[in-house]
Each structure stands twice: as C-alpha cells, then as structure tokens.
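Below is one structure, written out as structure tokens, with a few remarks after it.
Here the structure is a predicted model, which is why all the values come from computation and not from measurement. Chain letters run A, B, ... following the sequence lines, proteins first, then strands; residues in each count from 1.
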There are 2 protein chains.
Amino acid sequence: MKSLKISEAVVKRLPIYLRFLNELSKKNVLTVSSQDLGQKLNLNPAQIRKDLAYFGEFGKKGIGYDVTYLIEKIRQILKLDRQIPVALVGSGNLGRALCNYNIYLRDQMKITAIFDSSPDKIGQVINNMSVLPMEHLADVIRDSSIRIGIITVPAPEAQNVANQFVKAGIEAILNFAPSILKVPEEIRVHHADFTAELQSLAYYLPE
Amino acid sequence: MKSLKISEAVVKRLPIYLRFLNELSKKNVLTVSSQDLGQKLNLNPAQIRKDLAYFGEFGKKGIGYDVTYLIEKIRQILKLDRQIPVALVGSGNLGRALCNYNIYLRDQMKITAIFDSSPDKIGQVINNMSVLPMEHLADVIRDSSIRIGIITVPAPEAQNVANQFVKAGIEAILNFAPSILKVPEEIRVHHADFTAELQSLAYYLPE
DNA sequence: TAGATTGTTAATCGATTAACAATC
DNA sequence: TAGATTGTTAATCGATTAACAATC
C-alpha cells in the first residue's frame, strides 16, 4: 500500500493522532484500538484504520495498535524524526506566542530564528533568541538549513516576506496573515486564518 | 436555491471572498467576475459561482458581480451584519494577539471581554479592556449577550474553560488549544490548530 | 476456542469541475 | 449584434463509511 497519492485530509489528521498517542504514552497506555481513537478524537474508526493503512500495516488484528510503535511510525511519516529548523518573520504578539509554543513542537521542529523589519524590535530577546533584521534572512536560512518559514506580519507585508523566503530557498510556508500568497508551485503554503475561522463560525450561530 | 444544506467547505470560503471584495471596494473597483476572483484566490471560477448561487442570484450575466452588493450579501449570510460580541479566555501572547486583531474583524464581531484565571494577569489592560477573573465569566456573558467564546489557554485547561463557556450559554467556540473538546452537539466548535498545521507542512517537504 | 480488531474492498456520500443555455 | 459571464446541470473526482474476511 505504499507511494499512492495521499490526500491532504489524511495528512492533516496524522498530527492529531500523534498528539493523542503522545498523551496515551505519557499515561503508560500500551495499545489502543481504532475504536478508542475514534471515540476520543470524534472520528470514524474505519477512517482512522484507512488513514494509517495508507502508510503500512501498523496494527495487530484482535489487539489494536502499539502506542509507542505507532508514534514512531507517524513521526517518520511526517518527517518529524529529523531536525527541521523553522524561521519566523514578525515578532508581534502572535509571533511571540508561536515562539513560546516551541515546547509543544518538541525538539525536532523548532523555530530557530526570528526576524523583524522594525528597528525597535530588532535585538529583543524572545525565548532565548534575538530578533534579527531582515537583511540577515537569506544568510541565516542558508547557514542554518532552515526549510520552513512562518509569516506573522501584517497582511500588506506578507507577500513581500514570502518573496524573500522563496528567494532564500525556503521549501514551505505557514502564513498567518490574512492574505493570499503567490509563490512558485513547488513551494507548499499552508494558511492559518483565524479571522476566516471566526467569521465562518458566525454562520453557524442559531438565528 | 434556498435552505439547502450548505457544506462547511462553502462556508469556509465565504470569508475569503469577503476579504478580497473589501480590498476591491477600497480600490473603488465596481464589479468583479468569478474569473477574476478565481485568479486572485487560486480557486476555480465555477466553484465560486456555485458557492454564491447557493444563497441567491447575486451576479449579472455578461457583467459579473457588483462588489458593494456582494459584500453586503455575504455579510448577511455570515451574520456579520449584526453585532456579535465575543469573549476570550487566556490572556497570554496568543490571546493578546487576537485582541489586537479586533481591527481586522471590524465592528460587527468584536472581542468585548477577556478572562484569565491567573491573579497576576487579572486587571491588566489589553486593547482598552481589563482582564477579568474567571468568576465573572457567566455574568459577563449573560449581561453582554456574548455568543462566541475563544479559548487561548494551555491544552490541559481547555476542556475546563469549554465547560464553563457551555454552562454560561455560549453558542460557538473557537479553540486554539491543541486538545479535542467534548461539548454538547448543538455547540459549534472550530479548531485553530497551528501545531498540527505546521506538522502536516513537514510532510510535504521534499526528501 | 471465542472475542476483538485489523486491513481492505465495496458502497455511499459529498465536493469540485466542465460545459453550456440563458442573458446582460 | 457580438462578447462576456452568470447560474445550473451533468460528469468527474475524491473522501468517508460500512461491511467483512483474515487473524491475533
């Protein structure tokens, strides 16, 4: 069942599985069934089994999934088993919040450089990192092998930052600015758009 | 074409349309075609037409959509044409970032109360609002007719906050904590999960 | 063995896209 | 009128769920 085209929906669920498995592991739970997982995560057990089966046979019939083994496998699939340095541009409240989330991301994926264009931000220390000027972006990305860029600047500046990321050789971008980025198609862009999220929530309010 | 079941995917795109239309409006653009919209938003024009057609006939054949009129209509659909007060719990960096985003949300949807359980946060002023103690949550939500709650506390506290929101009569929740909430099914929960977003991004990195 | 649970196929359901008549 | 573009139907594509043989 290898090297089939995996849908984005599947990939988006893997981190959810991983997070919950980590909680189980912390509680010394040894095995878990798709039934259990589905219950806790509000997902259909068949879907969970199918998602995992895209990548291999990780379970044991009649038993379920070994928690530790499944964690290891999902981390491999998501490439979280290696170091992935991340750069962030925009050291406002949101940028700072994300830097402090480093704890959650664990060691493999880590914001290792923060940039800002505003002179009064440069030099500030966030989570043991100094905020660097934009002029250093390309060099730092190259020297630290940074592969992912996070954009937390205001919307009007987002495209400009994206351009600089692309020129510097970044491979994927997570954009928090409420704006659509134009980038070469080999660059993967994910969009974390909470104003849109909040506005769509209003739709579902009872009259 | 009314009162059909509208899919979540459609509703999630409406704020994207709205945002871009607002930009057009600011530039005094009068009409726009699904073609144009699709180009700018990286979406299929047919999809855009279909999305809008669920809610009415907003365009003119041969012409396109009147920008001002379409803005008005989408705002109605999303219930953004009325006041929707929002409460936020958790005044860390992320909470503060969201409060400052109030500008983007414009006047209709607005964070009007901030809560925290930590004594050294209570009383701090963020964007002209004092951080209130959790003990006041239920009263403030009732008195200010708050309908939406945002959760920006650490994961282990998120369910507890959700419970308090539900008890206080909130109708929808936007959860930023990396945890799955259990709430009654009439409460709508959206999940803004950027650690998951970032982890799924790693999957797409070239080998 | 009996019970539980996987991996996988088939069935269903839903979302996107293409195509085109209607019409501005 | 000719060109452009909608609204909508039909075709395609994709994702979810049900069902069950295989097997621990």
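Among the nucleotides dT8(D), dA15(C), dA15(D), the one closest to any side-chain atom of K50(B) is dT8(D). When the nucleotides dG7(D), dT23(D), dT16(C) are ranked by their closest atom to the side chain of K61(A), dT23(D) comes out on top. Comparing atom distances between the K60(B) side chain and each of dA19(C), dT17(D), dC24(C) picks out dC24(C) as nearest. Candidate nucleotides dT16(D), dA18(D), dT6(D) were compared by shortest atom distance to the side chain of A9(A), and dT16(D) ranks first.
Contact check on E8(A) versus K12(A) returns a salt bridge, with a Lys/Arg side-chain nitrogen under 4.0 Å from an Asp/Glu carboxylate oxygen. Between R13(B) and D51(B), at least one side-chain nitrogen of the basic residue sits less than 4.0 Å from a carboxylate oxygen of the acidic one, meeting the salt-bridge criterion. By the 4.0 Å N-to-carboxylate-O rule, R19(B) lies close enough to D193(A) to be salt-bridged with it.
For Q35(B) and G62(A), each mapped to the nucleotide of DNA chain D holding its nearest heavy atom, the one lying further toward the 5' end belongs to Q35(B).
When the shell of 6.0 Å around NZ of K60(B) is examined, it contains 12 or fewer heavy atoms from other residues, nucleotides or ligands.
Atom CD in Q47(B) sits roughly 16 Å away from atom P in dC13(D) (whole-Å rounding). Atom P of nucleotide dA4(C) and atom CG of D66(A) are separated by 21 Å, given to the nearest angstrom.
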Checklist entry - Where each pair must be Watson-Crick or G-U wobble with both distances under 3.5 Å, what dot-bracket representation of DNA chain D is obtained, with crossing pairs in [ ] and other-strand partners as |? => result ..||||||||||||||||||||||

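In the model, K182(B) has a side-chain atom that pairs as donor or acceptor with a side-chain atom of N42(A) under 3.5 Å.
At the heavy-atom level, E57(A) lies under 4.0 Å from the strands shown only through sugar-phosphate atoms.
For the atom pair CG (D116(A)) and OG1 (T152(A)), the distance works out to 8.0 Å, reported to the nearest 0.5 Å.
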